[in-house]
Every structure is written in C-alpha cells, then in structure tokens.
Amino acid sequence: MIRRFATRFGRILAPVALWALLAGLLDAIRLPEDGTGWLPFVGVATLAGLLVLVPGLALAGTLALLIGGSGDPAHLPSWLARTLMPADPRRRVLAGLTALGVVAASGAFVLAGFMAARPLIDGMRTTVFSAMAVTLVLWALALALAAGVALARRRIAELLDRRPPGRIATMAGSAPVALAALVAAVAVGLWVARERVAAIVDAVDLAPYILLASTGVVALGAGMAGAFSTMRRGWLAAFAGGVPLLILGSFVWLLALSGPLDDLRRACSEDAGLAPIAYRVFKDVADRDGDGLLPYFGEGDCAPRDAAIHPGAVEIPDNGIDEDCDGEDLWIGTLPAGGDGRWDHPVPDAVREARWNVVLLTIDALAPARSSLYGYERPTTPFLEELAREAAWFPWAYSQGPSTRLAFPSLFTSRFDSQVQREAAARIPLELLPGNKMMAEILQVAGFRTVAVLPTSYFAKWKGLTQGFDEVLEDPIAHYVRPLLHNAEAVTDAGLRAAAEHPQRPLFLWLHYYDPHSPETRPPGDDIPNFGTARGDTYDAELIYTDREVRRFVEGLRKVRPADRTLLIVMGDHGEAFDANHAKQRHGFDLHSVVLHVPFLVVAPFVQPGPIDMPVTSLDVLPTIVNLLGLAGDFQFEGTSLVPQLLGEPAQRHRAVFSQFYLPENVHHKKPTLRQAGIRTADLYYFRDYNVNRDRLFRYRTDPFEETDLSTVMPEALKLLKDGLARWQARVVPSARGALPRMPTPPTERDSNATPPRTEAEAREAPPATPVAPR
C-alpha cells in the first residue's frame, strides 16, 4: 500500500516539480538587467519555485490518497470524463442539476450577501460590531441556501427514481452544462461590471499570474501527454524528488546568508513577478514578533522576538538601547528634526488689520511633471501659468503623504499623520476625532463664515474631515456619475454661489476639484484637445478641463469678492505618477517625489510674485494663514509660516522638510504603522522603506523620476540625512518602548518688531484696512 502511494505521489509530484522549475527560472530570467547577478537570480528562482512547490506538495499528497489507480497524469482526461459524464444517466443528471443548483445558490449568496452587508457596514459605527453582524448574516444566508440545495437535490433524486431521464434531459442536466452555465454567469457579471473590472485589471500587474498559469499549463500538458509515464522509476524519483530538494535546499541557504543583501532583497521583493508574492507570504509566516521585518534577506531585524526593536523602530535618544538596529544608540545631535516652525513672523499693519477672505482651492492628483506651469510640453495648465505671474509660487512643494486620505488631515492640522487623532478602526478613511484643531475650526472661531465644496461621496462620508465648516455643499456629488466621472463645472458653480452669499462676512472657502484623479476618462467639451487614448493622454485632457474651470472660478470669484481683500491658495493634495517606477501603482504606495510633488501658489495683493526656491510642505499652509491673519491660539503646528518669503525675504534653502507613508488603520490591526519616511533638503531627498529596510537617496531636482539611487555612492550625505530622519521620527512617531520627547511649544522668543497675534474678539472686530497695492 505504501509503495502504491509512493508511486502515485511521485507521478503526481513530477509535473508539480516541472511547474516549479519552469516558473522559477522564467521569473528569474525576467529580472531587469541591473538585477541579474547570480545571487538575485538564485533568490528569485527559489522563491518563485517555492510559490508553486509548497501548495503542490500538499496537493500531490492529497490526490495520491484520494484517487485510485496509478495516479498517472496521463489518465487525467479519462478520469475527468468519467467524473463529469458518468455512464449512469440518473447519476449524470443528478450531479449536473446539483451543480447547477450550487452555481445558482453561489450567485444568490454573493448578491444577497452584498445587499445585506452594505447597510450593516455603513450603519454601524463600531467596526467589530458591524463585522460580527455581517458574519452572522452571511452564515445564516449560507445555511439557508445550502439547505435549499440539499432539499432540491433530494427532490430531484426522488423524481429520477420514479421516472428515468431521457436522452435530452441527460445531456441538458449534465455537469458540463452546469460548468457552461457558471462560465456564462461569470461572463455576464464581468460585462455588467466591465468598467470597474477594467480599472482593477489596469491597476494590477497580470504578468506574474500569466507566467504562473502558462508554466502550469505546460507542466500539466507534459504530464497528460505521458512525458512521465515512460520515465524509468529511478529517473522519475530523481526528478520528482531532486527538484523539490534543490529548491528547499537553496531556500535554506538563502536564509543562512547575512550582511548587506540589498540586490537580493530588491529582486525578491520588488523587481521579480512571482517571487514577491512568495516573499510576502513567507514574511507573514516568519515575522514572529509582528514588527514587519525579518532577520533574513538583509532586512536586518536584530531582535526577531522583540517587536520594539527592528530597523523601522522609533529610536529613543540616549537611552542606551539600539531600537533601530543600526549598531548604535541615537544621539540627539544638531541636525534639525522638524518642529522648529513659526507662525509669528512680523506682518505689515495694513495686511494684519485687513479683513481677508481666505480661499483654499485644491486639485486632486495634479502631477507637476505633466503641468505646463512646470515646463511640460503640452499646454495643460495655461491658467495656472498666468496665475503664477501674480503669485508667490513654490515650485518645490511636497505633500506630507502620498494619497488623499493621508494628505488632507495633515494639510488641515499642520500635523504629521502619526500625530493626527483618528478612530482606531479598519474602515478607511478613518474618522478624524474632535480633538484635532482643524483649519476650518480655527478660522470659524476667528469669525469667518466657513464653507466646504465637496466633489465626491468619498469626502462626504469621511467623518471629521469637515469639522469647523458652517456649510458643507455636496451638490457636485450628484454630477460625478459614470461613465463621465467629471464634475468640475458643478464644483465651480457651487463655489461661486457660496462666495457670493453673505458678502459682509469674511469667508473661508475650501473647494476641491477631483477630475484629474483616476480613473481617467475623456472630459466633456468638444474644444478639449484629444491627444490620444493612452492613460497619460486622457489625463492631460483632464488637466486642461480642470484648469479651465479653475480659471472660471477665479475670474468669477473676483467679481463677488474683492481681489484686494482675498487670499487665494491653490494647491494639490498629492501628485500622480506616470513613470516606470509606478507602472501600476500610480500613487499612495510609496514616497517617490512624483507622488508627493504638488503645485502651490499664493495670490494676494501683498505677495512678492515669482518662484521661491526652497523646499516647502503642505503642513506650511495653516501656519502661514494663521500668521497672516494674526490669530492667537494654543497651536502645535509642525509646519512653518512662509510669510517672510511671501513678503519678499530670501528663501530658506537650508530648510529640511519631512514626509510620511503612515497607515493609521494598522493601529487597529496591530501592525507596523510607519511604512516609509523621507527627509528633503534643497538638493537631496532621502527616504527609507521600513518594510524591507531599504535606503534611497536622490538628487530630486535633476533626477525628477528618481532613477539613479545615490545611497551607495554618497555615504556621508546618507548618514547625515538618515540621522536627521531618525531624530525626527523619535519626536513625531509613537514609540513601542517609551514616551516620546515632548512636543516643542509654540515660539516664545519673538522678534522685537514682531506683530502680536490678535485675540478672537480683536479678529472679529478689526476694521477694514486700506488695501495694499500689488508689487
């Protein structure tokens, strides 16, 4: 019996071994030219082979136990034929109709489950309770459908006992017909949801799955063709056993390697197709302390059983413990770690005493690299070019986070994502808690009428985002519908209506244009150029459409609100990527500069027009507004006021700004929250990927798509920036090992000629001032 099992197991394992071998070799061959050293090649081939081999071993053992005969894959076609089309007509019809019932019940389960689960998820505040309710509903639905299928099968069996099926019924009720019905149902479902399916397919790299399927078909075809049937037993055993042993042995050898393994890790976790899937699975299994890093593949976890010590951990300065595994305890040093912002710079009396209207106009996913304002060859943003001639323009402005849900909370609070107070839950975007001091709330207290114009339901359902707004206009949401998915005209109309109302009160208006955000669709208007059907071509047309609506809004605003009393800020929430580094993941997954780069223009009669050559961040917007208006309050801003530069003082080129890729939902999941972080100076940009312990250093101005990593050729600069990033992280990211250093208090040493901030009463009662003439 054991011998027969071993024979069956070997014959089934042979095509699995061939599949693993082919998949591993082809995945390694597909590596880019700069990643094809022998060690990355072996690593990728091993991990890709394991991806097939491990489940293949379990499958081969299961099939060897369940099926009879020799287990030869060459007999699979006849076995399938007997299984799907048994000789007994009664069994054939019963099996086929049962399969049809299962197909119908499965479809009903998906549809009914979705309809029942959605109101439960949306209606319950607590994620745990909603998950429990949905689970109970789905269990009840599954049991009811299973009982229905069982009862129907029993009834069909009784009918077949009374009256044997005829020839037509035998064919119509067979399992192949059930499979055909399943395929047809899936095809209809895909056709109905074709737009969403197309968006998913476009966002997913299908190459690994095509490689996996094609090598599997080759291996299975070789087995069914009898390639292993004629192989001598010794050769069969050597192949079926040798390939798995080779792959497993190579894997053990890779785990034993130590030292810097950047090329190996990058190839296995990023550059290959199949290997990264196996890498992630292995990481989930082997990360025993749950800190997101391993002691293998050069990830550098020096304490694999202590979640508080790993290369991405917060280093507590001067405590004698090496939390981040860099070989030394952190010394505070002198390099800035952020937190040195000011919002008390001197402001001319005429500016400070005027009752300004403040308009914050944001544009989603506007990529400066495709904006003609930044030198792009197509005239995608002609109005922004005109506006920049009268604005203080910050060409090197960067968002704090790489996506909308990570950018707006920081913009509205001038706090890093790790400092923003959020609900600890799984659903995203997470609710922003009332403890945050939001931009609209600060201006509302100062006597402004605060109005928000929302473009899509995503923002309307985001709890806490509109804290402090007197009015939230959601009219444009009704116009954001498929297949067009453009509503900039409705956003402009709503914004102009809001600006025209209550002209006697100072206004804070936030309106957001969503049109450049994916999915890219042809915008309305016959006069919008048609550059082509490629994604970038459609995106460029969307920018032109959005730019025209921004022009219409600004020109209309100046008719209902005096330009000499209006502070207009135009900014993006995050960037958008079209380069080879982001072929599928366009934004929201890393901290490359193209994902963070945003336009930033400040238009007011007192500003010094022209570009200001210094790195700035979205966190600087709120301190700048507070400084200009002279508002008093207990603020804990992380950004700094740009008032000196708006008034014509020299740029602060020595400044360093920071960015985070922080996942707040991982607080709920009890997983590492800080995935990447970066520090940017006037010339260099360093960011660290804590997920795989990888350093990256770029000259972002001359290498905008960051194709040349300088981390190995500029060790001194790397060390300096790395230390600065560690000091900043120690201050703003919650630590697993102890309390953070205290937040810096607002500046107390003011310039002798600094203007004291106004109280709330003074802000409300300040008389209008003589407008300042534009320079």
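Since this is a predicted model, take the numbers as computed values, not measurements.
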Seminar exercise, completed: Sequence neighbours excluded, the answer for side chain to side chain contact (heavy atoms under 4.5 Å, CB included) partners of R405 is S403, I428, P429, Y458, W462, L663, P664, E665
Exercise. With sequence neighbours excluded, what pairs up with R505 under the side chain to side chain contact (heavy atoms under 4.5 Å, CB included) test?
Worked result: R449, D470
Problem set entry | Name of the residue among N436, V420, T404 meeting side-chain contact (heavy atoms from CB on, under 4.5 Å) with P409 | V420
For this session: Return the orientation label for the F416 and F658 ring planes: parallel under 30°, perpendicular over 60°, tilted otherwise.
Result: perpendicular
For this session: Would you please classify the geometry between the W396 ring and the H597 ring as parallel, tilted or perpendicular, with 30° and 60° separating the classes?
Result: parallel
Exercise. Do D540 and Y376 have side-chain atoms, one donor and one acceptor, less than 3.5 Å apart?
Worked result: yes
For this session: Verify the distance criterion only: is there a donor paired with an acceptor across the side chains of H574 and D364 at less than 3.5 Å?
Result: yes
Problem set entry | Any donor-acceptor pair under 3.5 Å from E638 side chain to L619 backbone | no
[Y] six-ring centre to [X] NZ/CZ under 6.0 Å and within 45° of normal:
X	Y	answer
R680	Y686	no
R415	F637	no
R370	F578	yes

For this session: Taking the six-membered ring for Trp and the full ring for Phe, Tyr or His, determine whether the centres of F469 and F508 are under 6.0 Å apart.
Result: yes
Exercise. With ring centroids as reference points, do F687 and H592 lie under 6.0 angstrom apart?
Worked result: yes
For this session: Answer yes when E542 and R522 have at least one side-chain N-carboxylate O distance shorter than 4.0 Å, and no when they do not.
Result: no
Problem set entry | Residue list, side chain to side chain donor-acceptor pair (under 3.5 Å) with R699, at least two apart or on another chain | none
For this session: May I have the step-by-step check of ring pair (Phe, Tyr, Trp, His ring centres under 6.0 Å) for W510 and F412, ending in yes or no?
Result: CA-CA 11 Å; W510 168 51; F412 285 163; 5.0 Å; yes
